[in-house]
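Structure record follows, encoded as structure tokens.
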Amino acid sequence: MIYRYSGRSSIQLPVLSLGLWHNFGSVDNFDTATQMVVRAFDKGICHFDLANNYGPEPGSAESNFGRILRHNLASHRDEMFISSKAGHDMWPGVYGGNSSRKNLIASCDQSLKRTGLEYFDIFYSHRYDGVTPIEETMQALIDLVRQGKALYVGISKYPPELQQRCYDILAEAKVPCLLSQYRCSMFDPKAKNANFQIAADNGSGIICFSPLAQGLLTGKYSNGIPEGSRAARATGFLKESQVTQERVEAVKQLSAIAAERGQTIAQMALAWVLADRRVTSCIIGTSSVAQLDSNLATLDHLDFSPEETARINTIISDPALFF
């Protein structure tokens with residue numbers, strides 16, 4: 001495994017972290033989930049990314065991770081960096097899904113109970129809700145650290161016009177923002193262009209999610225929408241309408257470059273995100289140990305030649321591809 005420092009801190013994270021957004025909930029196979037977590041740790045992935053609403057059912061990914069940790073990796077807790085987040089809808093009522101102090105502190109308490117942990121290594125505000133004052137949300141994060149419920153704090157998906165204010169409040173309280181989490185892929189460069197440098201200038205590490213554009217950058221949709229795939233489901237984050245001809249054609253062109261590099265398109269897409277040295281880590285989601293191992297093989301070839309970079313940039317510069 002390769003490790004990078006998170007911003008201007010002494011914390012090192014693996015360049016590939018395991019996310020439990022999908023495939024670790026109560027509807028998923030627990031034995032497979034266990035095998036993936038244990039395999040990831042054995043291969044050097046010490047960072048596991050959770051959120052209070054991950055499932056389905058919401059909360060079940062945290063509960064399952066807690067079971068896996070207790071029964072398989074309990075003696076390795078101090079070798080692991082475990083994160084969780086709060087801010088999206090989690091429970092009924094007006095306090096169950098926003099960026100308020102009440103939501104964040106209650107959510108952290110619930111998440112600690114579900115996982116069985118005494119503290120999180122990092123706890124994030126999962127989103128800016130458009131209503132709660134930034135000062136209130138950041139103070140809640142500061143207090144979670146001072147209460148011993150989190151060692152570090154982070155922000156996720158905050159718009160660039162609010163990032164600096166977050167960093168300033170946290171820095172003034174001497175609880176600096178360790179990580180800023182953003183969606184980033186070849187088909188989604190918005191954060192790369194708008195948020196990354198602000199984070200880097202403030203000493204915050206950057207961690208990216210959805211590097212494969214919800215599966216589009218795996219090649220699985222090159223010949224239609226497979227039954228059981230994310231785009232085929234009635235609910236989910238990849239819609240059938242997003243599997244456009246332009247994106248399918250771009251994936252075919254990118255796959256040709258990947259083949260020349262001796263990689264799959266998914267491996268090249270991960271390497272592309274990590275080629276930005278501002279990025280501390282990239283969160284991968286997996287559905288099997290075999291897929292996890294395939295993603296880990298990305299590390300065998302992370303560098304791009306100037307010619308490869310130019311060819312890739314030509315393909316992905318079309319705004320029709322962007323999410």
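- Between the side chains of Ser83 and Tyr152, not a single donor N or O lies within less than 3.5 Å of an accepting N or O.
- For Arg101 and Asp143, the salt-bridge test passes: some basic side-chain N is under 4.0 Å from an acidic carboxylate O.
- Crowding of Lys190 atom NZ: a count of heavy atoms from other residues, nucleotides or ligands under 6.0 Å exceeding 12.
- With a 4.5 Å cut-off on side-chain heavy atoms, Val145 and Phe123 do not count as touching.
- In this structure, Arg247 forms a cation-pi arrangement with Phe323, its terminal cationic atom sitting closer than 6.0 Å to the ring centre and no more than 45° off the ring axis.
- By the 4.5 Å heavy-atom criterion applied to side chains, Tyr119 and Asp121 are counted as neighbours.
- For an aromatic pair to be called close, the ring centres must be under 6.0 Å apart, and Phe187 with Phe322 fails this.
- With sequence neighbours excluded, the residues that form a side chain to side chain donor-acceptor pair (under 3.5 Å) with Thr32 are Asn29.
- The OG1 atom of Thr298 sits 7.5 Å away from the CG atom of Leu296 when rounded to the nearest 0.5 Å.
- In this structure, Asp318 has no side chain to side chain donor-acceptor pair (under 3.5 Å) partners at least two apart in sequence or on a different chain.
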Name each donor-acceptor pair under 3.5 Å that joins a side chain in residues 166-173 to protein atoms two or more places apart or in another chain, with its distance.
unit_1: Tyr167; atom_1: OH; unit_2: Gln163; atom_2: NE2; d: 2.9
unit_1: Tyr167; atom_1: OH; unit_2: Ser180; atom_2: OG; d: 2.6
unit_1: Asp168; atom_1: OD1; unit_2: Gln164; atom_2: NE2; d: 2.9

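- Stacking of Arg261 on the aromatic ring of Phe304 is recorded, both the 6.0 Å distance cut-off and the 45° axial limit being met.
- For the 3.5 Å distance criterion, the side chains of Glu62 and Ser84 qualify, holding a donor opposite an acceptor.
- Remark: Glu135 pairs with Arg165 by the salt bridge (Lys or Arg N to Asp or Glu O under 4.0 Å) rule, at least two apart or across chains.
- For the residue pair Asn98 / Ser100, a side-chain donor-acceptor distance below 3.5 Å is found, with atom types taken as modelled.
- In this structure, a donor-acceptor pair under 3.5 Å is present between the side chains of Tyr54 and Lys85.
- Here Asp129 does not pair with Arg127 in a salt bridge; the nearest charged N to carboxylate O distance is not below 4.0 Å.
- Within the 4.5 Å cutoff, the side chain of Ile265 has no heavy atoms near those of the Lys252 side chain.
- Legend: ring pair (Phe, Tyr, Trp, His ring centres under 6.0 Å) pairs involving residues 77-99, not counting sequence neighbours, sorted by first then second residue: His47-Phe81, His88-His126.
- A 4.5 Å side-chain heavy-atom check between Phe30 and Ile68 finds at least one atom pair inside the cut-off.
- Side-chain contact between Ile134 and Tyr128 is present, with at least one heavy-atom pair separated by less than 4.5 Å.
- Residues Ser17 and Ser281 have side chains that bring a donor and an acceptor to within less than 3.5 angstrom of each other.
- Heavy-atom contacts from other residues, nucleotides or ligands closer than 6.0 Å to CD of Glu161 number more than 12.
- What you find for Lys149 and Cys108 is that their closest heavy atoms are CB-SG, 4.0 Å.
- Of the N and O atoms on the side chains of Thr132 and Glu136, not one donor lies less than 3.5 Å from an acceptor on the other residue.
- A salt bridge is absent between Asp201 and Arg278: the closest approach of a Lys/Arg side-chain nitrogen to an acidic carboxylate oxygen does not fall below 4.0 angstrom.
- Considering only residues two or more places apart in sequence or on other chains, His76 meets the ring pair (Phe, Tyr, Trp, His ring centres under 6.0 Å) condition with Phe41.
- Other residues, nucleotides and ligands contribute only 12 or fewer heavy atoms inside 6.0 Å of the CD atom of Glu118.
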